[in-house]
Amino acid sequence: MSEEMGDGVRSNFIWDMVDEHNVSGRFGGKVVTRFPPEPNGQLHIGHAKAIYIDFETARRYGGHCNLRMDDTNPSKEETDYIDAIQRDIHWLGYDWENRFFYASSYFEQIYQYAVQLIQKGAAYVCDLSPDEMRQFRGTLTEPGKESPYRERSISENLDLFQRMRAGEFPEGSRTLRAKIDMASPNLNMRDPVIYRIMFAHHHQTGDDWCIYPMYDFAHPLSDSIEGITHSLCSLEFEDHRPLYDWFCDQLEIHHPQQIEFSRLNLTYTVMSKRKLLKLVTEKHVSGWDDPRMPTLSGMRRRGYTPEAIHAFLEQNGISKTNSVADVSLLEYCLRADLENRAPRVMAVLDPVKVVIDNYPEGLVEEFEIPLYTQNPECEDSRQVPFTREIYIERDDFMENPPKKYFRLSPGTEVRLIKAYYITCTGVVKDDAGNIIEIHAEYDPLSKGGMSDDGRRVKGTLHWVSAAHAVDVELRLYDRLFNVPNPDDVPEGETFLVHLNPDSLNVVTAKTEPYLQNAEPGLQYQFMRKGYFIQDPDSTNNHPVFNQAVALRDSWAKQMAQG
RNA sequence: AGGGGCGUGGUGCAACGGCAGCACACCGGCCUUUGGAGCCGUGGAUCUUGGUUCGAAUCCGAGCGCCCCUGCCA
């Protein structure tokens, strides 16, 4: 049972537990989950893992997953984020249908549950200041002391709590606390605050409330109200589970099972909302959707596909081990997805001109080149003009090449993709010794990039006709941070010291004319270079493309090794 | 130190008392009108230590290491 369930996806400890519940009948075979983001920032790839687990668990068992804004703290939340969150989850391919909820819409019911707790003597109004409360809480090793207000009568508590709601007391002056155990080794059980006074305008409930429930109280109740069966969350809430259970038991309400899993971490980036917000507000990046950000909006703009992210999460797996996933797996998943779907076009990122001396001046040949060379079944193609003067990549030529260099050098012959073989006959340099022009001769019999004499041509280069080339701004991205773990910082420094100053490299490329009509939102493979997608900054006169990920380059790797 | 959790190749995940496997990364080779893709292959792991057992990554004991918890944040 723990191997596979026919859909080819590995099981994990969560699904094993759901299986057990289904065997025991604890939830009558039902599976209802929820994704409960707090709308105080944009979603990132770490959230994608939680979304994946919540929605896939529901799908796997024929249940459903709710989307619920966990909006119990009006001082930190913004309505803009609510739209962004929904957009990003839909982009990932998940749908909550008509089950979009706010914890804030349960405020009245949650309030009534609090009253019930008071009535059974399980909660009390406490007048301790925040500072005093800290002192009364005790430490990790010493038990806390009971609040002097702990034994107030039920009627006094009822009265005081009602007056808290009515706005009679200033912010911070009183709280409602669960009466549990000040000596508990689990600090969460030492009479936790469940309601605080906040005279804050709430983006959903306006000024209806001046008291707001804490997460620990609102979350189990919201789950219970929605009939959630499995409340899946990250590891740091493990210590809160006893509290979650305590509220459900005290109130004798539907009792979901909370299950914790480890968060996703990624090498060469940061994942906390606080840090991402800092990158945005301090303008180290252009915004939440900067293509270097691990946010879903950033990854979408970068050219990531939902399918690639899904494959990545599936490969990465689910466990309770604190771990850091290698970003190279993410990149592999993107390449694997785009390899199959991206049309192939030609762009020269760092152009140098080649003059084909024996090619007729003024002649323009149109080559029909398939767009999907990876799929011979697909006959879509475009016309690519070829002329006497073309651009190739500067590093596709070496005057004194090392061994095993297959590209162009004096006297060697290479193939221009789907065009001709050319042989280098010489170079022109400027005074500083830089190559400004390469001369070559072509073989007319190799038209289409193939000769029938069995000649072996090792190197194959992409090219663009100089006269027809379109200038395109390319944004080449590297890792945002230059160390695998940016959170590992020297004493007195912050993660910002690890920012990679070269994470964005803007170049002007020469591309074939076809790209003038590029389809927005479509990833293209620039042959031998990488996958690119048009950026929203593009205008008709000034096309801009983002590099989603470079192709693997074994020659560059070989060179780097020396 | 009290409580909660977690330790399997470089990384991430499997193996649920019975030959430690998969993916990425790494390295080598084949192939190629993308030095891409694809194909084949090499190397490399059970935190330590006792015990139970015919047999332990798995069960038990002890230890070690790492993460989380002293918000009126979530």
Side-chain angles (χ1 to χ4, degrees), chain A residues 1-3 10-13 16 36-38 40 70 72-73 75-76 126 128-130 133-135 137-144 171-177 184-190 192-198 211-212 214-216 218-219 233-242 260 262 264 267 273 312 314-333 335-336 339-340 344 346 369 373-374 404-407 415-419 421 448-450 457-462 484 525-530 550-558:
Chain A
M1 183 180 299
S2 61
E3 291 263 314
R10 274 202 314 271
S11 188
N12 57 63
F13 72 98
D16 289 347
E38 185 188 15
N40 67 345
D70 208 347
T72 56
N73 186 351
S75 68
K76 302 172 59 174
C126 182
L128 253 25
S129 71
M133 201 176 293
R134 195 174 315 121
Q135 281 163 20
R137 186 153 34 231
T139 68
L140 293 179
T141 49
E142 308 156 37
E171 223 169 83
S173 63
R174 288 182 220 263
T175 57
L176 184 70
R177 294 225 257 165
S184 171
N186 180 348
L187 299 248
N188 296 121
M189 300 299 272
R190 317 242 262 230
V193 171
I194 60 179
Y195 262 95
R196 75 283 217 191
I197 300 171
M198 280 178 106
I211 58 171
Y212 292 95
M214 300 286 289
Y215 165 87
D216 279 321
H219 205 85
C233 63
S234 46
L235 247 28
E236 68 270 26
F237 293 104
E238 216 148 11
D239 287 344
H240 296 244
R241 178 152 33 92
E260 310 85 10
S262 62
L264 174 72
T267 54
K273 271 193 232 177
F312 166 72
E314 208 147 83
Q315 285 281 328
N316 192 59
I318 300 164
S319 73
K320 296 184 70 132
T321 315
N322 282 311
S323 61
V324 186
D326 195 332
V327 72
S328 66
L329 177 61
L330 217 206
E331 293 172 340
Y332 165 83
C333 289
R335 289 193 195 98
E339 156 69 17
N340 295 316
R344 269 59 169 173
M346 292 195 286
I369 305 182
T373 53
Q374 77 278 27
K404 292 182 134 183
Y405 183 81
F406 303 150
R407 288 117 94 148
R415 169 171 31 239
L416 299 175
I417 290 175
K418 295 289 181 182
Y421 296 168
M450 185 53 101
V457 179
K458 197 82 168 135
T460 302
L461 311 187
H462 58 284
Q525 188 195 101
F526 291 3
M527 292 186 88
R528 300 209 305 140
K529 289 318 234 179
L551 251 32
R552 286 179 51 129
D553 185 346
S554 56
W555 173 252
K557 192 186 291 179
Q558 219 175 110

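- Between A:Thr72 and the phosphate of B:A74, there is a side-chain N or O to OP1/OP2 separation shorter than 4.0 Å.
- A distance of about 28 Å separates the P atoms of B:G12 and B:G50, rounded to the whole Å.
- No hydrogens or angles considered: a donor-acceptor pair under 3.5 Å links the side chains of A:Asp326 and A:Ser328.
- The aromatic rings of A:Tyr215 and A:Phe237 sit tilted, their planes meeting at an angle between 30° and 60°.
- Of the side-chain N and O atoms in A:Arg10, none sit less than 4.0 angstrom from OP1 or OP2 of B:G12.
- For the P atoms, the distance from B:C16 to B:G36 is 38 Å, rounded to whole Å.
- Judged as a side chain to side chain donor-acceptor pair (under 3.5 Å), and not counting sequence neighbours, the contacts of A:Thr460 are A:Arg415.
- Listed for the A:Ser262 side chain is no donor-acceptor partner under 3.5 Å among the backbone atoms of A:Asn322.
- Atoms OH (A:Tyr212) and P (B:C73) sit 13 Å apart, rounded to a whole Å.
- A:Glu314 pairs by the salt bridge (charged side-chain N to carboxylate O under 4.0 Å, His left out) definition with nothing, not counting sequence neighbours.
- When rounded to the nearest whole Å, the span between CZ of A:Arg241 and C1' of B:G3 equals 13 Å.
- Between the P atoms of B:G29 and B:A45, the separation comes to 24 Å (whole Å).
- Within the nucleic acid shown, A:Leu330 has no heavy atom closer than 4.0 Å to any nucleic acid atom.
- Comparing A:Asn316 and A:Met133, the nucleotide of RNA chain B nearest to each residue sits closer to the 5' end for A:Asn316.
- Side chains of A:Met214 and A:Pro192 form no contact here, defined as non-hydrogen atoms less than 4.5 Å apart.
- Rounded to an integer number of Å, the gap from A:Arg134 CZ to B:U70 C1' is 9 Å.
- Atom CG of A:Asn12 is separated from atom C1' of B:C16 by 14 Å (rounded to the nearest Å).
- For the P atoms, the distance linking B:G63 with B:G4 amounts to 15 Å, nearest Å.
- At B:C13, one or more side-chain N or O atoms of A:Ser323 fall inside 4.0 Å of OP1 or OP2 (strictly under the cut-off).
- As judged by a 4.0 angstrom heavy-atom cut-off over every strand, A:Met198 is placed among residues making no nucleic acid contact.
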Can you pull every protein N or O that's under 3.5 Å from an N or O on nucleotides 65-69 of chain B?
from: B:C67; atom 1: O2'; to: A:Asn322; atom 2: ND2; distance (Å): 3.3

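- At the heavy-atom level, A:Ser319 lies under 4.0 Å from the strands shown only through sugar-phosphate atoms.
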B/S/- along nucleotides 25-37 of chain B (protein heavy atoms under 4.0 Å) is SSS-----BBBBS

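- Of all non-hydrogen atoms in A:Asn340 and A:Gln374, the two that sit nearest each other are O-NE2, 3.2 Å.
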For nucleotides 42-48 of chain B, which of its nitrogen or oxygen atoms have a protein nitrogen or oxygen under 3.5 Å away, and what is each distance?
none

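- One C1' atom belongs to B:U42, the other to B:C6, and the distance between them is 33 Å to the nearest Å.
- The separation of B:C40 from B:C47, taken at their C1' atoms, amounts to 36 Å, rounded to a whole angstrom.
- Using a 90° window around 0 for the glycosidic torsion, B:G71 falls inside it and is classed as syn.
- When both distances must be under 3.5 Å, the Watson-Crick or G-U wobble mate of B:G28 is B:C40.
- The pairing partner recorded for B:G2 is B:C69, the criterion being a Watson-Crick or G-U wobble arrangement whose two distances lie under 3.5 angstrom.
- Taking the salt bridge (charged side-chain N to carboxylate O under 4.0 Å, His left out) definition, one finds that A:Arg528 meets it with A:Asp396, sequence neighbours left out.
- Distances from the side chain of A:Thr321 to the nucleotides B:A74, B:U70, B:G7 place B:G7 closest.
- The CZ atom of A:Phe312 sits 12 Å away from the C1' atom of B:C13 (whole-angstrom rounding).
- Of the nucleotides present, B:U11 is the one that pairs with B:A23 by Watson-Crick or G-U wobble criteria, both distances under 3.5 Å.
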